[in-house]
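Counting from 1, the numbers follow the sequence of the chain as shown.
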Amino acid sequence: MLGIPRRYSHFVYGFIQSGLTCAIAAAIASFPLVGSGHFVMHWLQAWLFAWMLMLPVVLFAAPVIRRLAHAMTREE
């Protein structure tokens, strides 16, 4: 593999998760263009734009969300 140290695994996770989520959302938003033949180009542009915006949000929000979820739950 890439040999990225495990201590950075949360960044790798955020990178993959945000890319996948943005790809799915962009495909859904681009679906009306399937018949026109512009789906792939529109989807790629929408995905890239969404990923560039969401990657920092996911990477920086994840620790806050994790702490919030921990505060809202209890041990069983």
Side-chain angles (χ1 to χ4, degrees):
M1 293 305 291
L2 295 176
I4 299 170
R6 179 116 336 119
R7 68 180 177 265
Y8 299 117
S9 65
H10 60 284
F11 290 118
V12 174
Y13 176 88
F15 185 83
I16 295 168
Q17 184 268 333
S18 64
L20 181 60
T21 302
C22 289
I24 293 168
I28 292 168
S30 301
F31 187 73
L33 299 173
V34 168
S36 71
H38 298 286
F39 173 80
V40 174
M41 185 54 88
H42 188 270
W43 172 76
L44 283 172
Q45 289 173 343
W47 171 70
L48 185 59
F49 182 71
W51 200 8
M52 288 180 355
L53 289 176
M54 287 309 297
L55 184 58
V57 172
V58 169
L59 292 180
F60 294 116
V64 174
I65 295 168
R66 192 176 308 119
R67 284 193 297 269
L68 180 61
H70 183 72
M72 295 173 64
T73 58
R74 61 179 172 79
E75 293 290 328
E76 291 190 58

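- In this structure, Leu55 and Ser18 approach most closely via the heavy-atom pair CD1-OG, 3.3 Å.
- Checked by atom type and distance alone, the side chain of Ser9 pairs as donor or acceptor with a backbone atom of Arg6 at under 3.5 Å.
- Taking Ile, Leu, Val, Met, Phe, Trp and Tyr as hydrophobic and joining them when side-chain heavy atoms fall under 4.5 Å apart, one finds Ile24 in a cluster with Leu20, Ile28.
- Val34 is linked by a side-chain contact (heavy atoms from CB on, under 4.5 Å) to Phe31, Phe39, counting only residues two or more places apart in sequence or in another chain.
- Applying the side-chain hydrogen bond (donor to acceptor under 3.5 Å, both in side chains) test to residues at least two apart or on different chains, the pairs with a partner in residues 25-43 are Ser30-His42.
- Contacts classified as side-chain hydrogen bond (donor to acceptor under 3.5 Å, both in side chains) and involving residues 61-71 (residues at least two apart or in different chains) are not found.
- Applying the side chain to side chain donor-acceptor pair (under 3.5 Å) test to Gln45 and every residue at least two apart in sequence or in another chain returns nothing.
- The hydrophobic side chain of Ile65 is isolated, with no ILVMFWY side chain under 4.5 Å apart from it.
- Leu48 contributes atom CG, which lies 9.5 Å from atom CG of Leu53 (distance to the nearest 0.5 angstrom).
- Cluster annotation: Ile16 is connected to Ile4 through the hydrophobic network of ILVMFWY side chains, with a link wherever side-chain heavy atoms come within less than 4.5 Å.
- In this structure the side chain of Thr21 never reaches within 4.5 angstrom of the side chain of Met54, judged on heavy atoms.
- Hydrophobic cluster membership of Met72, counting Ile, Leu, Val, Met, Phe, Trp and Tyr whose side-chain heavy atoms lie under 4.5 Å apart directly or via other members: Leu68.
- Within the structure, ring-ring contact (aromatic ring centres under 6.0 Å, His included) contacts touching residues 48-69 (residues at least two apart or in different chains) are Phe15-Trp51, Trp47-Trp51.
- For Phe11, the side-chain contact (heavy atoms from CB on, under 4.5 Å) partners at least two apart in sequence or on another chain are Tyr8, Leu59.
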